[in-house]
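Read the structure below first, then the notes.
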Amino acid sequence: MPQLALYTFGVLKSPLADPGPLTREFHDSSEAVYRTISRHPGYLARAEAADGSRGTLFDLDWGDWGEFAAPAWYDKGRTAQTAALAATLSLWTGLRPAFDAIYTGLHRQALNRRYDWFERTGHPGHVFWWVSEGVKPTWQDGVSRLEHLHDHGSAPHAFTFRHAFDPEGTPARVKGVGRQAATAPE
């Protein structure tokens, strides 16, 4: 059964190493958000450093998730002192479970604060695509899909909740997103 891959990418207003209150607030809330999302029905996995080590996203061993990559338009730092980005890569059973996890609870509260923490870049902040069961998407896959979404809009290759597709490439809707209110396939 196909699985839904999700890549998110945002440019922070200040580097992660910034001791300022907004950066601390974003960083401190992240672990609770991840814990909550990981318990949500339909969540399968997310990219985590293979050895649990700390460092910049660029320096970590991501195992099967591949080497960390950032979109070509990201123009801030890559060192521990200068990196100003947040990115996730995860797998889901379908559109509805991903939507419910993202737009409820702690994650919803964090989304409501996104413009306090993140720059408005004019680029999409997330992208979905379908993968075969057992296939682990890589960071580079996510970057490629996000850039494709920016350049070409939603298509079965790279899409958003608002303009989603089912695994066969047919347009799908998630109830509560957009004007039509049909349920997307699981």
Side-chain angles (χ1 to χ4, degrees), residues 1-12 16 27 30-74 78 80 83 85-107 110-111 123-170 172 174 184-186:
M1 173 168 257
Q3 298 174 336
L4 187 68
L6 167 61
Y7 172 73
T8 67
F9 188 87
V11 179
L12 293 163
L16 285 167
H27 189 272
S30 296
E31 197 52 45
V33 169
Y34 287 142
R35 254 192 327 275
T36 301
I37 291 233
S38 70
R39 292 189 302 259
H40 199 280
Y43 168 86
L44 298 171
R46 77 175 167 101
E48 295 184 79
D51 59 5
S53 64
R54 294 196 169 273
T56 69
L57 297 170
F58 296 98
D59 301 327
L60 298 175
D61 175 3
W62 294 98
D64 293 343
W65 300 93
E67 184 177 332
F68 185 79
W73 48 265
Y74 172 71
R78 294 175 179 250
L85 62 93
T88 64
L89 181 59
S90 57
L91 281 171
W92 296 84
T93 58
L95 287 163
R96 179 86 253 166
F99 181 85
D100 290 345
I102 291 166
Y103 289 103
T104 60
L106 286 177
H107 195 272
L111 279 177
H123 293 270
H126 74 280
V127 64
F128 291 105
W129 70 100
W130 293 98
V131 297
S132 299
E133 187 172 355
V135 170
K136 191 159 290 183
T138 66
W139 290 106
Q140 186 56 56
D141 293 337
V143 167
S144 296
R145 305 286 176 140
L146 190 71
E147 290 173 343
H148 186 276
L149 177 65
H150 177 261
D151 294 344
H152 305 286
S154 280
H157 178 76
F159 55 90
T160 64
F161 277 127
R162 188 169 295 277
H163 301 284
F165 292 85
D166 68 17
E168 289 75 39
T170 303
V174 178
E186 300 295 322

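From a predicted model like this one, the values you see are computed outputs, not experimental measurements.
- With a 6.0 Å radius and a threshold of 12 heavy atoms from other residues, nucleotides or ligands, E48 has its CD atom above the threshold.
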Step by step, would you call F68 with L85 a side chain to side chain contact (heavy atoms under 4.5 Å, CB included)? CA-CA 12 Å; F68 185 79; L85 62 93; 3.8 Å; yes
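- Side-chain contact annotation: D141 with T138, donor-acceptor N/O pair under 3.5 Å present.
- In this structure, L146 and H123 have side chains that are not in contact, with every pair of non-hydrogen atoms separated by 4.5 Å or more.
- The two atoms that bring A158 and R145 nearest to each other are CB-O, 3.4 Å, heavy atoms only.
- Contact between P97 and G42 at its shortest, heavy atoms only, is CB-CA, 3.7 Å.
- The nearest pair of heavy atoms linking A98 to L4 is CB-CD2, 4.3 Å.
- Atom-to-atom distance recorded for H126:NE2 and F9:CZ is 15.0 Å, nearest 0.5 angstrom.
- Between M1 and E133 the shortest heavy-atom distance is N-OE1, 3.0 Å.
- Residue L6 holds its CG atom at 7.0 Å from CZ of F161, rounded to the nearest 0.5 Å.
- Residue V131 comes nearest to A5 through the heavy atom pair CG1-CB, 4.3 Å, listed as atom of the first residue, atom of the second, then distance.
- In this structure, the side chain of T170 does not engage the main chain of D166 through any donor-acceptor pair within 3.5 Å.
- With ring centers used as reference points, W129 lies 6.0 Å or more from F159.
- No donor-acceptor pair under 3.5 Å is formed between the side chain of R96 and the backbone N or O of V174.
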List the steps and the verdict of side chain to side chain contact (heavy atoms under 4.5 Å, CB included) for L89 and W62. CA-CA 11 Å; L89 181 59; W62 294 98; over 6 Å; no
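- Rounded to the nearest 0.5 Å, atoms CG (L106) and CD (E31) are 12.0 Å apart.
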Begin with the C-alpha distance, continue with both residues' side-chain angles, and end with the deciding distance and a verdict on side chain to side chain contact (heavy atoms under 4.5 Å, CB included) for W130 and L95. CA-CA 10 Å; W130 293 98; L95 287 163; 4.2 Å; yes
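- To the nearest 0.5 Å, atoms NE2 (H157) and NE2 (H152) are separated by 8.5 Å.
- T88 and W139 make their closest contact through C-CZ3, 3.8 Å (heavy atoms, listed as atom of the first residue, atom of the second, distance).
- In this structure, F165 has its ring center at least 6.0 angstrom away from the ring center of F128.
- Residues W65 and L60 are not in side-chain contact: their nearest non-hydrogen atoms beyond the backbone lie 4.5 Å or more apart.
- Heavy atoms of other residues, nucleotides or ligands lying less than 6.0 angstrom from NE2 of H148 number more than 12.
- Panel note: side chain Q140, backbone G66; no donor-acceptor pair is recorded below 3.5 Å.
- Considering CZ of R46 and OH of Y34, their distance stands at 5.5 Å, rounded to 0.5 Å.
- Between atom CG of residue L16 and atom NE2 of residue H27 there is a gap of 6.5 Å, rounded to the nearest 0.5 Å.
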